[in-house]
Amino acid sequence: PDGREFTFQDGPISVAPIEGGTPAPLPTPDSGYNNPPVWSPDGLHLAFWSNASGRVESWIISRERVGAPWQKAVQVTDFGCFPTQWAPDGSGFYCAYEARGEPPGFMLLSPSGKVLWRLDPSLARSFPQPLLSRDGSTFYAANGNGVWAWPRAGGKPRQVVQLDGTGRPNFFMGAFNVGPKGIYFTVDDSESDIWVMDLKR
């Protein structure tokens, strides 16, 4: 968050200084698959999901101060949930719950895993992975028709981006984001070429 470090996942989750240097692998689970993490606003926590327990769960890895060693990662959920982003005030991280055979859910969890807030179930069914604006006031979510927004305090969604039917939007995590001055997402534009080959006997 202070622009001095970045994190990435290439095998282990690692942190490296932005000006260059040797990346430092973090003490995350050795087994399973660990997903690239999201920073807390103060830069002292990283939330990520891992299937090391046999199911996708939320994990937290922390340090006492910027520049201090990272402590061993801790699993903080046991009901199948993965982090999407931290709350702007740093109180916790938003977690998307999508267990097979059960309705999706979306909640705010403290770093210790305590549920602080839940999204209305009807909205969670329609928009299972919303993103919060940087000022914390508005949720944004996407589906095949476009992008929708509604107040964090409650209210009905309104459509803010309407697709024109061309291309295939990709709203998966990482391909859909909300910046300070715009909404960013990818649109797949698949093309192919026709080739002709002469066979020689």
Side-chain angles (χ1 to χ4, degrees), residues 1-9 12-19 23-29 34-50 52 56-98 104-120 123-124 127-142 149-155 172-184:
D2 62 7
R4 296 164 56 188
E5 301 169 291
F6 67 95
T7 182
F8 62 96
Q9 186 263 335
I13 294 175
S14 300
V15 171
I18 201 74
E19 68 271 11
L26 303 184
T28 51
N34 304 319
N35 198 60
V38 289
W39 289 95
S40 63
D42 59 9
L44 301 183
H45 307 280
L46 291 168
F48 64 98
W49 65 256
S50 174
V56 170
E57 299 291 356
S58 294
W59 291 65
I60 292 286
I61 187 167
S62 305
R63 58 184 176 182
E64 293 183 357
R65 64 184 183 282
V66 175
W70 291 91
Q71 302 167 6
K72 186 177 180 180
V74 177
Q75 180 180 333
V76 295
T77 66
D78 60 2
F79 50 85
C81 208
F82 59 90
T84 59
Q85 66 179 129
W86 281 80
D89 62 4
S91 59
F93 62 93
Y94 288 95
C95 171
Y97 168 70
E98 292 188 51
F106 188 75
M107 61 201 74
L108 176 64
L109 299 179
S110 72
S112 64
K114 180 181 178 181
V115 177
L116 304 177
W117 173 87
R118 292 179 185 270
L119 180 64
D120 181 275
L123 288 175
F127 306 105
Q129 298 176 29
L131 291 177
L132 192 62
S133 61
R134 293 195 179 188
D135 63 4
S137 66
T138 307
F139 274 119
Y140 292 90
W150 67 92
R152 164 65 172 79
F172 187 71
M173 286 179 58
F176 170 66
N177 214 330
V178 178
K181 296 183 179 180
I183 300 170
Y184 304 88

Holding to side chain to side chain donor-acceptor pair (under 3.5 Å), I want the full list of residues that pass it with Gln85, two or more places apart in sequence or in another chain.
none
Just distance, no hydrogens or angles: give the donor-acceptor pairs under 3.5 Å from side chains in residues 109-117, sequence neighbours left out.
unit_1	atom_1	unit_2	atom_2	d
Ser110	OG	Ser112	N	3.3
Ser110	OG	Ser112	OG	2.9
Ser110	OG	Gly113	N	3.4
Ser110	OG	Lys114	N	3.0

Minimum heavy-atom distance Asn177-Leu131, with the two atoms named:
CA-CD1, 3.8 Å
Can you tell if the side chain of Trp59 reaches within under 4.5 Å of the side chain of Thr28, non-hydrogen atoms only?
no
Using the side-chain hydrogen bond (donor to acceptor under 3.5 Å, both in side chains) rule, collect all pairs that involve residues 130-141, keeping only residues at least two apart or in two chains.
Ser133-Asp135, Asp135-Ser137
Name all residues meeting the side chain to side chain contact (heavy atoms under 4.5 Å, CB included) criterion together with Pro151; count only those two or more places apart in sequence or in a different chain, and write none if there are none.
none
What residues, two or more places apart in sequence or in another chain, satisfy side chain to side chain contact (heavy atoms under 4.5 Å, CB included) together with Ala141?
Phe127, Pro130, Trp150
CD1 on Ile18 to CG on Asp2, rounded to 0.5 Å:
10.0 Å
At what distance, to the nearest 0.5 angstrom, does NE2 of His45 lie from CD1 of Ile61?
11.5 Å
Closest contact, heavy atoms only, Gly80 versus Tyr97:
O-CD1, 2.7 Å
Holding to salt bridge (charged side-chain N to carboxylate O under 4.0 Å, His left out), I want the full list of residues that pass it with Asp89, two or more places apart in sequence or in another chain.
none
Nearest heavy-atom approach of Asp42 to Val66 is O-CG2, 4.2 Å
For Arg118, check salt bridge (charged side-chain N to carboxylate O under 4.0 Å, His left out) against everything at least two apart and list the hits.
none
Please enumerate all residues that pass side chain to side chain donor-acceptor pair (under 3.5 Å) together with Asp78, with sequence neighbours excluded.
none
Sidechain-backbone polar pair: Ser40 side chain, Gly90 backbone, donor-acceptor under 3.5 Å:
no
By side chain to side chain donor-acceptor pair (under 3.5 Å), Ser14 pairs with (sequence neighbours left out) none
Any side-chain heavy atom of Phe93 within less than 4.5 Å of one from Thr84?
no
Under the side-chain contact (heavy atoms from CB on, under 4.5 Å) criterion, do Gln129 and Phe176 qualify, and how do the steps go?
CA-CA 10 Å; Gln129 298 176 29; Phe176 170 66; over 6 Å; no
Side chain to side chain contact (heavy atoms under 4.5 Å, CB included) with Val38: which residues, sequence neighbours excluded?
Ala47, Pro83, Trp86
Which atom pair, heavy atoms only, marks the closest approach of Asn35 to Ile13?
O-CD1, 3.4 Å
Just checking Glu19: does its CD atom have more than 12 heavy atoms from other residues, nucleotides or ligands closer to it than 6.0 angstrom?
yes
Contacts of type side chain to side chain contact (heavy atoms under 4.5 Å, CB included), residue Ala16, not counting sequence neighbours:
Phe6, Phe8, Pro23
Can you confirm whether Phe48 sits close enough to Pro29 that some side-chain heavy atom of one is under 4.5 Å from a side-chain heavy atom of the other?
yes
Do you know the tightest heavy-atom contact between Gln71 and Pro27?
O-CG, 3.4 Å
How far apart are the C-alpha atoms of Trp70 and Leu46, what are their side-chain angles, what is the distance that settles it, and do they pass the side-chain contact (heavy atoms from CB on, under 4.5 Å) test?
CA-CA 10 Å; Trp70 291 91; Leu46 291 168; 3.8 Å; yes
So, using side chain to side chain donor-acceptor pair (under 3.5 Å) as the criterion, who are the partners of Thr77 when residues are at least two apart?
Glu57
I need the Ser58 OG to Phe82 CZ distance, nearest 0.5 Å.
9.0 Å
